[in-house]
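This report concerns only the one structure given below.
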Amino acid sequence: MCDQTFVAATFGPCDSCGTASPLMNIYIKNEPINYCSFCMEVMACQGLQKGETLATLKKECESLKKKLEEDRGKLNDVELHQVAEKVEVVGALSIKTRRVLKGHTNKVLCMDWCKDKRRLVSSSQDGKVIVWDGFTLNKEHGMSMPTTWVMACAYAPSGCAVACGGLDNKCSVIPLSLDSNENCAAKKKTVAMHTNYISGCTFTNSDMQLLSCSGDGTSALWDVESGQLLQSFHGHTSDILSLDLAPSETGNTFVTGGCDKKANVWDMRSGQNIQSFECHESDINCVKYYPSGDAFASASDDATCRFFDLRADREVAVFQKDSIVFGASTVDFSLSGRLLFAGYNDYTINVWDVLKGTRISMMFGHENRVSRVRLSPDGTALCSASWDNTLRVIDIFCCFQA
Amino acid sequence: MTIRTARPDRVQHFRPRMHCLKKLEAMVVEMQDQKSGVKGSEQKLNVTTIPHVLTGKDIIAWIANKMKTTPEEAQTFSTMLVAYGYIYPLQNHKKLVMCNDSSLYRFQTPYFWPTQKWFAEDSDYAIYLAKRNIRKKGMLEPYEQAHYNHLHEWLNHKWDFIVMQATEQYKAGKERKKPDRVVFDCQERAYWIVNKPPRRTHSAIDCGPERLIDPNTDEKITFDQYRRQNMFYQQAIMRSKVKSSVSLGAVDLPTKMRVERWSFSLFELLSDLRGRDDFKIFLKKEFSGENLAFWEAAEELKWGTAASMTAKAETIFKTFLAPGAPRWINIDGRTMGLTVKGLDHPHRYVLEAAQTHVFLLMKKDTFFRYLKSPVYKDIQKKALNPEAHNFSPAQLEQNANSRSPGIHPIILWQQEEEEKAKAAAASAPVDVKAMMSKIDRKK
């Protein structure tokens, strides 16, 4: 993480109410002040002052937005593909589908790998969550959720539990046991509670905390053991469809993408929205951090994937082609970050060269839209989940060791 | 605050909300152009002659030519045209794919094109099923029968109207000329297969649960939302940004070997536990292991359970931060002051500033010395460069299938917990009195 953008977590007495709490540094008429989040909300919701109308506020908003774009433009002294000209071209990829996992009876909506690089969990429209062994196709655990459309699932970092959620508005954590006869679903524990469908969930660096995002426009951080809400994040003006945790050294931020065409970066400590990017023309379906944590990519219904640089605070690349007309629903980076795998609604997966902005190859095989692509933790295989009820484990570099 | 709780009207089913419809329509209009479009012909189908029929081959070739892409991509695109209902197959009408051979297709009439403005009405579907029921004399397909029964229950209040409409349309249909009637029936059937797909059919109209925001209306923004946005933009303008040449120039192109991966960044080294161990060995030699130990302890505090917070914070303070502590870390006065003050109200991120300081210390100084050290060079030499295997693909498959799944992560976790407990017991302060009494008893 670049030292220049390091935001010190200020903690101290609020300028307005005096209580000690995590502070947000905001500017009122170019004067910096430190307010706690409650006082900030109070200030925002005060009634209209003299001379203020909805129209004046809107005009101020537009002018500030324009100024921000100008500032960003001034620092734009080189384009990504110019920097990439010196870089050599990626060699031809040898792509082979190694496994087809069949077993779901309806659309597979989400999947996640375990850190042991072998197991994976998938969830589907039929309400089932299945833990597979990716090599032998063995179904290790199968759990039935009391809801259809389980849109989010995640594997815990320790490999001992999975989290899942969907139309039931809740995200539950299910501890896995070695005994295959035991009913795992009976030990399910409800952790996250939202007021609308859960669209994404992920564990943080340990099994103890869970991040969830929902169709109600908010995302939240929960303590798994107690089910307590640790921090909630408000700022999206419509459904949030996806979230990703930063892999950065200090690991304190995450990015969300939603139906308001915005991708927001949040600070997990204070609940503040640090950065926001509004470049897409339609709903953002998926967001994923670049391996170094300094950038992220997003996939949208407008048939483009975009690459945003967090330090330069702007969009640096757009991955699009005239022949690609259908929305992208999922993205993932290769281990080095050179390749971007994007799954589309036209049943294909495109592989893009991140630096040069060109498409390297296309993968066919699914019979319905690709809902999720995820690279395995060791970077050798890609798993794609699709609405044709199957998952595929694909070998990209043909380094499939015996 | 915009927390949405209202579910959209779920009586009517999926409303297509697609950004791509405009482009698709433009393409389909071009394809139907008299001069430059796809060439169709008349085909005989079950005694009747149907005009303007195209073969899959021709469509795919035309699209490949127009979009200047490969046949596979053209096939994908045309399959989507069928899945959305702009083109329908005459044979095999339940499989919505475009085949690159002489299978027959027709363009759908614009009346039946998918649109974002309104959705396929349930009452229209009921009328269609009723009409089909009359024609087939009660022999509907199973999925159609299921829908019919459901709609009969759900729209019972309108049922007389529906049956009346169905009979009227059926009679009107009979009065048309045979080819027209066949064409219209095909079109209507295709429309309903796309909008109410039978079980094994993949239709593109099927979008998943409704998103709560209506694509057709504009968002209404209230004044407090404007205020918040203004505050956010001001913050964003004031924030320091980096020039593109600086941030983009730092892109790495690593290779795959695990040991080289450690040399990319301190983060990679610490994330790989094997690398972390190696780094610890090096630090031991340098007598500066307390930095890493502090960093690990701070990580544990951050990600640990809420209940253990105060206890952990106290131990960390006693071990690393208190003046004269056994593993005192060397951080500047300001950070130390902030941290100690924060420990009065211990929360998850109280060690944030100190942890970052220590991390940057390690990154800027110790890490580079490690990379040049004999410890690292040694492990680099030792690191195995496995010989390329000569297994055939079949052998690889067999090997993979017979590979055991390895130790289950749950067992590994249990082992780790046991080891931690043992280590904690071993490092607990020795109770001298108990020891002495034990020795006394032995005597």
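Model, not experiment: these values are computed from the prediction.
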Are the side chains of B:Gln75 and A:Phe364 in contact, using a 4.5 Å heavy-atom criterion? no

Kindly indicate whether the side chain of B:Lys302, heavy atoms from C-beta on, has any atom under 4.5 Å from the side chain of A:Asn205. no

Pick from B:Glu73, B:Gln414, B:Met67 with the largest number of heavy-atom pairs that fall under 4.5 Å of chain A: B:Glu73

How many angstroms lie between CG in A:Leu176 and CH2 in B:Trp413, if you round to the nearest 0.5 Å? 12.0 Å

Approximate separation, where rounding is to 0.5 Å, of A:Gln275 CD and B:Phe232 CZ: 7.5 Å

Output the option from A:Gly327, A:Gly166, A:Ser276 having the highest count of non-hydrogen pairs under 4.5 Å with chain B. A:Ser276

Taking the side chain as every heavy atom from C-beta outward, state whether B:Glu72 and A:Met362 have any pair of such atoms under 4.5 Å apart. no

Among the listed options A:Thr148, A:Asp207, A:Leu241, the residue most often paired with chain B at heavy-atom distances under 4.5 Å: A:Leu241

Set of residues satisfying ring pair (Phe, Tyr, Trp, His ring centres under 6.0 Å) with respect to B:Tyr86, sequence neighbours excluded: B:Trp113

Is chain A contacted by the side chain of B:Glu300, its backbone, both, or neither, given a heavy-atom distance below 4.5 Å? neither

Which portion of A:Ser226 sits near chain B, non-hydrogen atoms under 4.5 angstrom: neither

Checking B:Thr70 against chain A: side chain, backbone, both or neither under 4.5 Å from a heavy atom? neither

Under 4.5 Å from any heavy atom of chain B - which part of A:Leu109: neither

Smallest separation among heavy atoms of B:Asn230 and A:Leu64, with atom names: O-CD1, 3.6 Å

Not counting sequence neighbours, which residues clear ring pair (Phe, Tyr, Trp, His ring centres under 6.0 Å) with A:Tyr344? List them please. none

Who among A:Ile324, A:Asn273, A:Leu230 has the most heavy-atom pairs with chain B under 4.5 Å? A:Asn273

Non-hydrogen atoms of chain B under 4.5 Å away: do they reach the side chain of A:Asp302, the backbone, both or neither? both

In terms of ring plane angle, is the pair A:Phe326 and B:Phe77 parallel, tilted or perpendicular, where the classes change at 30° and 60°? tilted

Okay, A:Gln209 and chain B: the region with an atom under 4.5 Å from a heavy atom over there is side chain

Per-residue contact mode, A:Glu281 against chain B (heavy atom under 4.5 angstrom): both

Just checking B:Lys95: does its NZ atom have more than 12 heavy atoms from other residues, nucleotides or ligands closer to it than 6.0 angstrom? no

At a heavy-atom separation under 4.5 Å, does A:Leu137 approach chain B through its side chain, its backbone, both, or neither? neither

I need the minimum non-hydrogen distance between A:Pro247 and B:Phe267, along with the two atoms involved. O-CZ, 2.7 Å

Distance col, row B:Cys20:SG vs A:Asp346:CG, nearest 0.5 angstrom, shows 9.5 Å

Any idea which of A:Lys65, A:Lys107, A:Lys321 has the most non-hydrogen atom pairs under 4.5 angstrom with chain B? A:Lys65

Note: vs chain B, highest number of non-hydrogen pairs under 4.5 angstrom among A:Glu367, A:Lys67, A:Glu225, A:His194 is A:Glu367

Atom NZ in B:Lys66, atom OG in A:Ser323: separation rounded to 0.5 Å? 12.5 Å

Are A:Asp388 and B:His202 close enough that some pair of their side-chain heavy atoms sits under 4.5 Å apart? yes

Rounded distance [0.5 Å steps], CG in A:Asn368 versus OG1 in B:Thr201: 10.5 Å

How close do A:Asn345 and B:Met80 get, heavy atom to heavy atom, and via which atoms? O-CE, 3.2 Å

